[in-house]
Amino acid sequence: MNGFAYSVNDEIHVSDSYIASYSGDVRTEITRVLYHEMTHIWQWNGNGQAPGGLIEGIADFVRLKANYAPSHWVQPGQGDRWDQGYDVTAKFLDYCNDLRNGFVAELNKKMMTGYSAQYFVDLLGKTVDQLWTDYKARVYAVTNNASATAGGARFTRDIGVDYSKQILARVTAFKWRNFHQTDPGDGENVQRVAFFIIDMDVGNGRNPVGLIEGIADFVRLKANYAPSHWVQPGQGDRCDQGYDITARFLDYCTDLRNGFVADLNKMMRTSFSALYVVDLLGKTVDELWIDYHGRKIEQLR
């Protein structure tokens, strides 16, 4: 047989010689193959009109989301064309899915009876070529400069470069959604983000800009990645104390006005004024802190 696996007429065929010659964990490898081929059986193909690379990319996207992507796959942002297929297209679809949760499922549903590149515009507001350009423009570099230390070794063993790049890409997409930034001009013009693991002692930490740190932790909070040791709502001495304290306060403000942090972030593009809070919520930040602090304490009684 050509290749080592294929599906046709609701049947999956795998080469025995491939199984015999595979040098790694063959059970895991066949699991990967079955995730890919079973997707072909169940997915829609646009009544034969969809690009072959997209069909193969969706099958590998399922492998990716099931955590069965092999280590030799391309990194996010690599590849020559969005419809190159397999891992290249899978990583691109993962980026699109981060822009709109459920995108691949909705795209597959639209492909029940036909295919059109307009589907990308309908779901994401941009052409597939524009999305590919955006996807390629962002580069995430991860460097472990402390591989000889215990922490650096643990990073290599338990986290790794590939996973780190995936998380950086997903955090970017989550931040854009959470801040309601649908146009690249709404955010900082960042084309490359570098993440370093370095050999250093952890100090007491300084927080010169409590609001900035609070916004960063607010994103963590909304992504459900707030650790258990964070303060409870209403705790803290100042609204600009930073980190979890300010994040909880910003969450309260967002409950008062949906999208408050996104609007505040946009106003801070060139400068900052405490009046921004008044403009958005009708009260000074000190008045809001008193309301927040008092209300939360009352709720705990």
Side-chain angles (χ1 to χ4, degrees), residues 22-33 35-36 53 56-99 101 103-104 131-178 184 187-203 205 213 216-217 219-220 222-227:
Y22 189 77
S23 60
D25 182 345
V26 70
R27 177 176 289 186
T28 298
E29 175 60 11
I30 294 304
T31 301
R32 292 179 182 133
V33 171
Y35 266 93
H36 180 101
E56 296 297 342
I58 290 175
D60 267 1
F61 169 81
V62 172
R63 277 215 282 178
L64 177 65
K65 303 310 283 186
N67 295 319
Y68 279 109
S71 59
H72 64 261
W73 273 17
V74 299
Q75 297 300 313
Q78 292 183 330
D80 299 319
R81 304 185 322 275
W82 74 268
D83 59 350
Q84 195 169 337
Y86 299 101
D87 52 344
V88 172
T89 302
K91 294 293 180 87
F92 171 63
L93 291 173
D94 194 37
Y95 163 78
C96 293
N97 207 70
D98 281 337
L99 296 177
N101 187 36
F103 163 77
V104 175
L131 290 163
W132 177 253
T133 299
D134 292 347
Y135 168 68
K136 293 284 287 183
R138 293 203 182 97
V139 177
Y140 302 100
V142 180
T143 306
N144 186 355
N145 288 332
S147 57
T149 68
R154 186 177 187 186
F155 173 83
T156 299
R157 182 181 68 250
D158 296 341
I159 303 171
V161 170
D162 291 351
Y163 178 77
S164 298
K165 287 182 178 180
Q166 291 174 17
I167 294 303
L168 290 170
R170 289 175 183 174
V171 170
T172 297
F174 179 84
K175 172 262 182 189
W176 276 67
R177 289 198 309 272
N178 204 53
E188 291 281 356
N189 183 22
V190 178
Q191 300 300 323
R192 184 178 188 274
V193 176
F195 171 34
F196 294 92
I197 306 301
I198 60 175
D199 185 0
M200 65 174 288
D201 293 327
V202 179
E213 298 297 346
D217 267 1
V219 172
R220 277 214 285 177
K222 303 311 283 185
N224 295 318
Y225 279 109

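Count residues from 1 along the sequence. None of the values given here were measured: they were computed from a predicted structure.
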side-chain hydrogen bond (donor to acceptor under 3.5 Å, both in side chains) partners for Ser147, two or more places apart: none
Pairwise side-chain contact, Ser164 with Ile159, heavy-atom cut-off 4.5 Å (strictly under): yes
Heavy-atom side-chain contact between Leu131 and Leu99 under 4.5 Å: yes
Crowding at CZ, Arg154 (>12 non-hydrogen neighbours, <6.0 Å): no
Tyr225 atom OH, over 12 foreign heavy atoms within 6.0 Å: no
Residues Asp25 and Arg27 bridged, charged N to O under 4.0 Å: no
Value rounded to 0.5 Å, distance of [atom1] in [X] from [atom2] in [Y]:
X      : Y      : atom1 : atom2 : value
His72  : Asp87  : NE2   : CG    : 6.5 Å
Ile197 : Phe155 : CD1   : CZ    : 4.5 Å
Trp132 : Asp80  : CH2   : CG    : 7.5 Å

Polar side-chain atom of Glu56 near backbone of Gly53 as donor-acceptor pair, under 3.5 Å: no
Plane angle bin for Phe92 and Trp82 - parallel if under 30°, tilted between 30 and 60°, otherwise perpendicular: tilted
Single hit among Lys65, His36, Lys91 for side chain to side chain donor-acceptor pair (under 3.5 Å) with Asp60: His36
